[in-house]
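Below is one structure, written out as structure tokens, with a few remarks after it.
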There are 2 protein chains.
Amino acid sequence: MEKLPAEGTQARRFGKTRFAQSTAVLEDYAELIADLLASAGEARPTDIARRLGVSHATAIKTIARLKRAGLATARPYRGVFLTEKGHALADRVRVRHRLVVDVLRALGVPSEAAEADAEGIEHHVSEITLKAFAQFLKLRG
Amino acid sequence: MEKLPAEGTQARRFGKTRFAQSTAVLEDYAELIADLLASAGEARPTDIARRLGVSHATAIKTIARLKRAGLATARPYRGVFLTEKGHALADRVRVRHRLVVDVLRALGVPSEAAEADAEGIEHHVSEITLKAFAQFLKLRG
DNA sequence: TATAAATTGTAGTATGGGCTACACTTTGAC
DNA sequence: GTCAAAGTGTAGCCCATACTACAATTTATA
């Protein structure tokens, strides 16, 4: 979610909100797919749908978007894989998620709520804020 | 944010994501309208659109949604007003926004980034987390 | 008071997330 | 090897956000 499309391009039809929102979904998918690939060796639409609580049709459509965005590859009936770019995104997302949860917990938020809220919060944390979070945790030991 | 629609009703066609997203937009509008009413005495679609960086057509459509949700009233060419419910929402949102910004700043996030990020983060902060934030700030003086 | 400028409203279109229903592969059990 | 179950894909629909383009009203100015 670091950079918005350039002014002149298709930005016009991409309000900040919509952009942030649709980016958040892609981030969630990338992270989950990386997780499934690591733990199960494969990422299938049905598993993804189940984990995200959406219908498999919705998952498949979003996977198509991941492909269009150059984040994933997939061939019919053969599961989903991440491109290098997709893996990089998943890694960034995972690190950020951990950081947000840790900060919330450090602030006294119960683990369960911290995990739940981080899910929504993480997509809106800028690089600057992320750095501050890391620094805060480091100082705090 | 606080509560999702009941299972049996129209919930079915209101994914978690969509619900959170559309609620966030209504919250932003309510807050902004309250702000405009307080500072300028009136809240006009064009002002709202300008402040939110969307077209006036988009603002007008969302204002219609606010009306449907019982949060605002508006008559053609006569500006927008908040209902009691709308004011209550705006108040809650304002308090929450302040709290989130203050916590970010306390964590060492520069003011500008804190304000910007809070805009996105605040809609995902649960009551539990909010309480923890307040407590944290109190202890910290 | 006319008339131009600004504001407001409406229509039509695109994208995105979500769903159900139905069709088509693969897989697995006999 | 057949056939049913599971998984996968497609089509069609809804609603929300957003936009541009055009129409209508209000306001401000000549």
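Chain A is the first sequence line, chain B the second, and so forth, proteins listed ahead of strands; every chain is numbered from 1. The structure presented is a predicted model; accordingly, all values stated were derived computationally and were not measured.
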Can you tell me the distance, in whole Å, between the [atom1] atom of [X] and the [atom2] atom of [N]?
X: R75(A); N: dC24(C); atom1: CZ; atom2: C1'; answer: 17 Å
X: D47(B); N: dT7(C); atom1: CG; atom2: P; answer: 8 Å
X: I48(A); N: dG17(C); atom1: CD1; atom2: P; answer: 14 Å
X: R44(A); N: dA6(D); atom1: CZ; atom2: C1'; answer: 11 Å
X: Y77(A); N: dT10(D); atom1: OH; atom2: P; answer: 8 Å
X: L52(A); N: dG18(C); atom1: CG; atom2: P; answer: 8 Å
X: L66(A); N: dG9(D); atom1: CG; atom2: P; answer: 13 Å
X: I60(A); N: dA23(C); atom1: CD1; atom2: P; answer: 16 Å

Any [X] side-chain nitrogen or oxygen under 4.0 Å from OP1 or OP2 of [N]:
X: T58(B); N: dC19(D); result: yes
X: R68(A); N: dG16(C); result: yes
X: S55(A); N: dC19(C); result: yes

### Query
Do the side-chain N and O atoms of E27(B) and H123(B) include a donor-acceptor pair separated by under 3.5 angstrom?
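A pair is found: one side chain offers a donor N or O, the other an acceptor, under 3.5 Å apart.
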### Message
For dG9(C), does the base pair up with any side-chain atom of H56(B) as donor and acceptor (N or O, under 3.5 Å, distance only)?
### Response
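When only heavy-atom distances are counted, H56(B) does reach the base of dG9(C) through a donor-acceptor pair under 3.5 Å.
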### Message
Using only modelled atom types and a 3.5 angstrom limit, is any donor from either the side chain of K61(A) or the base of dG18(C) paired with an acceptor on the other?
### Response
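Side chain to base: pair present.
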### Message
Looking at E119(B) and R96(B), is any side-chain nitrogen of the basic one under 4.0 Å from a carboxylate oxygen of the acidic one?
### Response
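E119(B) and R96(B): not salt-bridged.
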### Query
Any salt bridge between R94(A) and D91(A), counting N to O under 4.0 Å?
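Salt bridge: yes.
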### Query
Does I60(A) share a hydrophobic cluster with L71(A), counting links as ILVMFWY side-chain heavy atoms below 4.5 Å and allowing steps through other members?
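As far as the 4.5 Å side-chain criterion goes, L71(A) and I60(A) are not connected within one cluster.
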### Message
Any heavy-atom pair between the side chains of V101(A) and R98(A) that's under 4.5 Å?
### Response
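Yes, side chains in contact.
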### Task
Return the 5'-most residue of the pair G79(A), L26(B) with respect to DNA chain D, ranking by each residue's nearest nucleotide.
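The residue closer to the strand's 5' end, by nearest nucleotide, is G79(A).
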### Task
Pick base, sugar-phosphate or nothing for R50(B), based on heavy-atom distances below 4.0 Å to the nucleic acid.
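R50(B): no heavy atom of the nucleic acid under 4.0 Å.
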